[in-house]
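Values below: every heavy atom of this structure, side chains too, minus hydrogens, waters and symmetry copies. Every value quoted in this text rests on a predicted model; they were computed, and no experiment measured them.
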2 protein chains.
Amino acid sequence: MSVQRRVRLADVAARAGVSRTTASYVLNGTSAQMRISAETEQRVRSAVMELGYRRNRSALSLRTATTQTIGVISDFVATGHFASQMLRGASAAARAQDHLIVIGETEGDPAVEIQMIEEMLDRQVDGIIYTTLVTAEVRVPAQLRERRAVLLNCVDPVADLPAVLPDELAGGRSAADVLLAAGAGERVYVVGEEVNPHAIAGPQRVQGVEEALATAGTPLAGVVPCFWDVEPAYEAVTAWLATDVTPTALVCLNDRIAMGTYQALAAHGLQVPSDVSIISFDGSELAGWLRPALTSVRIPYAELGALAVQTLLDPTAPTTVLRSPMTLLHGGSVSSARGYQSSGRQPTRTGAGRALR
Amino acid sequence: MSVQRRVRLADVAARAGVSRTTASYVLNGTSAQMRISAETEQRVRSAVMELGYRRNRSALSLRTATTQTIGVISDFVATGHFASQMLRGASAAARAQDHLIVIGETEGDPAVEIQMIEEMLDRQVDGIIYTTLVTAEVRVPAQLRERRAVLLNCVDPVADLPAVLPDELAGGRSAADVLLAAGAGERVYVVGEEVNPHAIAGPQRVQGVEEALATAGTPLAGVVPCFWDVEPAYEAVTAWLATDVTPTALVCLNDRIAMGTYQALAAHGLQVPSDVSIISFDGSELAGWLRPALTSVRIPYAELGALAVQTLLDPTAPTTVLRSPMTLLHGGSVSSARGYQSSGRQPTRTGAGRALR
DNA sequence: CTGTTAGCGCCTTCAA
DNA sequence: TTGAAGGCGCTAACAG
C-alpha cells in the first residue's frame, strides 16, 4: 500500500468552475502575467483549500525533471556529532527552500557509493552534496563531475565543483591566540598527529598554531604524536609526561584527544588549567561534559551543511572553495593567569580536587 | 539545472530492435511469464548496458504511485549518537530493499512536523517512520493514521500502527543481573529520575532493576534523582555522597549520568569499580571513553532502525509493538569480586590512581 | 511472443 | 481568459 492522494488538479478546476489551464496558472503564480481575474483566482484557491489539494510531485517531476530534493552522500557511519549537526544544518536550509533531503550512507564502500549516487540520480535529485567525515582531499566519483554537486568537508583538485570547508588555518591561529592571551603561550605542545596523507584539517590546524605562536615569538615547543582518539591520547601523553616535560599548554587536535589528555594529566597529578592549559578542536558535546569544561575551537558543522545546501541551490554559485569560520567554544580549560576571560559557559567548579579528570 | 538522464526506454527498444513493451517486460523481470525469447532478452540487456540506460523513476512513480523511498520523521536535533546509529541501521536496511531514505528533522516543532510529512506525502514516499528521541508515548499527527507508517522508539496508544522499541524492561533486569553476578547487588542505588510523564524508558529500566533485585532478595536501596545529563548527575551524586551513604553499586539511567557520577565519585575519593560498581544504559561511544570503560546496557539503535524499515516494507506486518533486545556492552566498571568476567573490551589500566576519573 | 494503445497528473504552447 | 492537444517516460491491458 503506497501513500497517495486522490484530488487532482482537474478536480480543483471543476470545483472552481474553470479550466485546468487556469487552475494551473493560479497554482504556479503565473496568474498575474496571464491576467486571470482576482475573483477567478480566489475561486481556485478556495477550491484548493476545500479539497485539500496538493500537486502530485511525481507528475510534476516527470514534466519538469525537477524534484525539490537534494541528495547527501556521506562516507561516515557512527559519527554522531558530525553527521547529526551537519544534517541538521542542511535539513533546515533545505526546508527553507522547500527541498527535502535524501541520505546515502556509503559506509566508506566505493561500490555502495556509486550505487547510492545512481539511485539518487534515478530519482532525479536536483543536486548532490558529497561529504566526508575526515576533512580531506578526495576524488569524487565520475558520476558527479558533470552534475550539480557540492563538496562538503572535502575538496577535489580535479573536479570543477564548489566546496565548503571549515577555515582550519584561521581556527589554528585562534586556538593559539587564546593561549597567548591567557599568558599560556610559552611552552605549547600539540597533541595528535595526522597520518592520512590526504587529510587537511590536522596539518592546517598545526600550521595555524605555529603561525600565531611564531608571530608572538614563542615557537611551538613540540608535538606529541598520537591517533585521534581518547585512549591513544591517554597512552601517548602518559608516556610523554614520564619524560619530565613541563608544558605550559597543550593544543589537542580534537576533543577526544583532549579527553585522553585530561585523563593522563590527572593520573600524573597535574591539574587543568592551573598546571596546564588545554585547548582543542571540535566543540562537540564532549567538551561540555569534561571537568573543567573544555575550551574548544568549534567546527561549524551545521553552518557547513547549510552553506552546502545554499551553494547547491544557487545556480550562480561559482565553483570555488568556501571557508566557514570556526568559532570559539569557551570552557574553563585555559588558564586565566593574564586575565583571559572565558565569556561563554562559566568555568565553574574548577576548584582543587574536583578538577581531577 | 537539474540532474537528469537522456536515454529512454524507447531508445533501448530501438537499439535492440524490439518494441517498448518487450523492453519493459525484460526490465521488469516479467519476461519469463511473457515468454520472451532468451535471445531477445539478451539483446535488450545488451542495449541497456551499451546505452547506460536507467529507468526514469519520476515516470515510474507517476505510473505506479510508488517511489522506493521512505521518509523518516524525527524530532531530535543535535543528538549525535541516537540519530546516526538509527539512520545507519535504517539506511542499510532500506538499501537492502532498494529504497532510499528521505529525512525530515522537525526540531520538535509540530508545525514543521506536519509540513515535513506533507512534503513527504507529496513525493509519494512508500511509507513513513515516525521517531522520537525520548522513548515515550505520543500522539502521531493525524496524517499518519491512515497511512503506511511505523513508530520508532515511541508508541501511540490510539493509532493502530506498528511500533519498534528497545526492550527496556529486560534491559533493566540484565543491568541488575550483571551487578548480582558480580556480587555487587547488596546496596544498589539508581541514579537519574524521569520527569517526562510520557517517557517510558526510565520507569521501565527502574522496574526491571527492581524486579531482578527483588528476585535476588536484595531490594533496591534507593534512588538519587537527577536530570539525565553529566553536570546534573555530578551535582546530585556529590550532594548525595555528602550524606554518608555507602553504596555497593550504582545503576545510572544513561551514560552521561554515569560520566557525571564518575566525576563525583572521583572527587569524593571513591574508585570504580573497587569501591563502587557502576552500570548504565545507552552503550554510547562515551562508555568506551571513560576510565575505566563503562559497562552499559546498549540501546540497539541501528537494529531498531533496520527493524522499523523492515516492518514498514513488509505488507503483512501486524500493527503490534516489537521489542528489540538491549545487549550488554562490557567495560570495567563493575567489580569482579565474585568472579564476574567482563567478556568484551578488556578493562585494562584500571590500576589505582589512574582510575580517578 | 510482440506491437498498439491508453493513460498516470501536470505544464505549456497554440488558437479561439 | 480559456479549451484543446501534446508530451514528459513508463507500465499494462489488449490485441495480434
Side-chain angles (χ1 to χ4, degrees), chain A residues 2-45 47-48 51-68 121-126, chain B residues 2-45 47-48 51-68 98 121-124 126:
Chain A
S2 85
V3 189
Q4 61 175 301
R5 310 202 109 76
R6 316 242 65 120
V7 188
R8 306 185 314 281
L9 179 57
D11 300 325
V12 172
R15 170 111 183 182
V18 301
S19 69
R20 296 210 308 289
T21 314
T22 306
S24 177
Y25 286 150
V26 172
L27 256 60
N28 293 322
T30 340
S31 59
Q33 118 186 25
M34 289 322 254
R35 288 185 296 181
I36 303 227
S37 73
E39 192 266 336
T40 303
E41 172 159 356
Q42 192 46 54
R43 274 217 314 285
V44 174
R45 294 205 182 289
V48 166
L51 268 36
Y53 169 79
R54 305 211 105 218
R55 348 142 94 92
N56 179 324
R57 277 220 164 276
S58 296
L60 201 62
S61 299
L62 178 56
R63 190 70 176 74
T64 64
T66 250
T67 53
Q68 301 278 92
L121 295 178
D122 283 355
R123 285 169 180 73
Q124 309 264 125
V125 294
D126 295 342
Chain B
S2 85
V3 190
Q4 60 177 301
R5 308 202 113 73
R6 316 243 66 122
V7 189
R8 305 184 316 277
L9 179 58
D11 300 326
V12 172
R15 171 113 184 179
V18 301
S19 71
R20 296 210 311 287
T21 314
T22 306
S24 176
Y25 285 149
V26 171
L27 257 61
N28 294 322
T30 340
S31 59
Q33 117 186 27
M34 290 320 258
R35 289 184 295 182
I36 301 217
S37 73
E39 193 265 336
T40 302
E41 172 159 356
Q42 192 46 55
R43 275 217 313 286
V44 174
R45 295 204 182 289
V48 167
L51 268 36
Y53 169 78
R54 305 212 104 219
R55 357 139 90 90
N56 178 324
R57 277 218 164 275
S58 296
L60 200 62
S61 299
L62 178 57
R63 192 68 177 80
T64 64
T66 250
T67 53
Q68 302 278 93
D98 293 314
L121 294 178
D122 282 355
R123 286 168 179 74
Q124 308 264 126
D126 295 341

>> Looking at Thr22(B) and Val18(B), would you say the former's side chain and the latter's main chain have a donor-acceptor pair under 3.5 Å?
In response: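 Between the backbone of Val18(B) and the side chain of Thr22(B) there is no qualifying donor-acceptor contact (under 3.5 Å).
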> Any donor and acceptor pair, going by atom type alone, linking the side chain of Ser61(A) with main-chain N or O of Arg57(A) inside 3.5 Å?
Replying inline: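 Side chain of Ser61(A) to backbone of Arg57(A), a donor-acceptor pair under 3.5 Å: yes, one is there.
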Please check the phosphate of [N] (OP1 and OP2 only) for any side-chain N or O of [X] closer than 4.0 Å.
| X | N | value |
| --- | --- | --- |
| Thr22(B) | dG3(C) | yes |
| Ser58(B) | dC8(D) | no |
| Ser19(A) | dT2(D) | no |
| Thr21(B) | dT2(C) | no |
| Tyr25(A) | dG3(D) | no |

> Which part of the nucleic acid, if any, lies within contact of Leu9(A), taking any heavy atom under 4.0 Å across all strands shown: a base, the sugar-phosphate backbone alone, or nothing?
Replying inline: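 Sugar-phosphate contact only - Leu9(A) comes under 4.0 Å of backbone atoms but never of a base.
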>> Heavy atoms only, 4.0 Å cut-off, all strands: where does Leu60(B) land among base, sugar-phosphate and nothing?
In response: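 Sugar-phosphate, backbone atoms only, no base.
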Nearest 0.5 Å please: distance from the [atom1] atom of [X] over to the [atom2] atom of [Y].
| X | Y | atom1 | atom2 | result |
| --- | --- | --- | --- | --- |
| Gln124(A) | Ser58(A) | CD | OG | 11.0 Å |
| Asp126(A) | Thr64(A) | CG | OG1 | 8.0 Å |
| Arg8(A) | Asn56(A) | CZ | CG | 10.5 Å |

What integer distance in Å separates [X]:[atom1] from [N]:[atom2]?
| X | N | atom1 | atom2 | answer |
| --- | --- | --- | --- | --- |
| Arg8(A) | dC8(C) | CZ | P | 7 Å |
| Arg43(A) | dT2(D) | CZ | P | 8 Å |
| Leu62(A) | dG9(C) | CG | C1' | 9 Å |
| Arg20(B) | dC8(D) | CZ | P | 10 Å |
| Leu27(B) | dC10(D) | CG | C1' | 10 Å |
| Arg55(B) | dA12(D) | CZ | P | 10 Å |
| Glu41(A) | dT2(D) | CD | C1' | 16 Å |
| Tyr53(B) | dG9(D) | OH | P | 10 Å |

> When you look for runs of 3 or more Watson-Crick or G-U pairs in a row, both distances below 3.5 Å, which of them include DNA chain D?
Replying inline: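 Only these stems qualify: C:1-16 with D:1-16.
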>> Tell me every residue that passes salt bridge (Lys or Arg N to Asp or Glu O under 4.0 Å) with Arg123(A), counting only those two or more places apart in sequence or in another chain.
In response: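 Here the qualifying residues are Glu119(A).
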>> I'd like to know if Arg63(A) reaches the base of dC8(D) with its side chain, counting only an N/O donor and acceptor under 3.5 Å.
In response: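 Between dC8(D) and Arg63(A), which were checked side chain against base, a qualifying N/O pair under 3.5 Å is absent.
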>> Nearest heavy atom decides the nucleotide; on that basis, is Gly17(B) or Ala10(A) closer to the 5' end of DNA chain C?
In response: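 Looking at the nearest nucleotide for each, Gly17(B) comes out on the 5' side.
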> For residues 15-29 of chain A, which residue pairs qualify under salt bridge (Lys or Arg N to Asp or Glu O under 4.0 Å), counting only residues two or more places apart or in two chains?
Replying inline: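 Pairs touching residues 15-29 of chain A that pass the test: Arg15(A)-Glu50(A).
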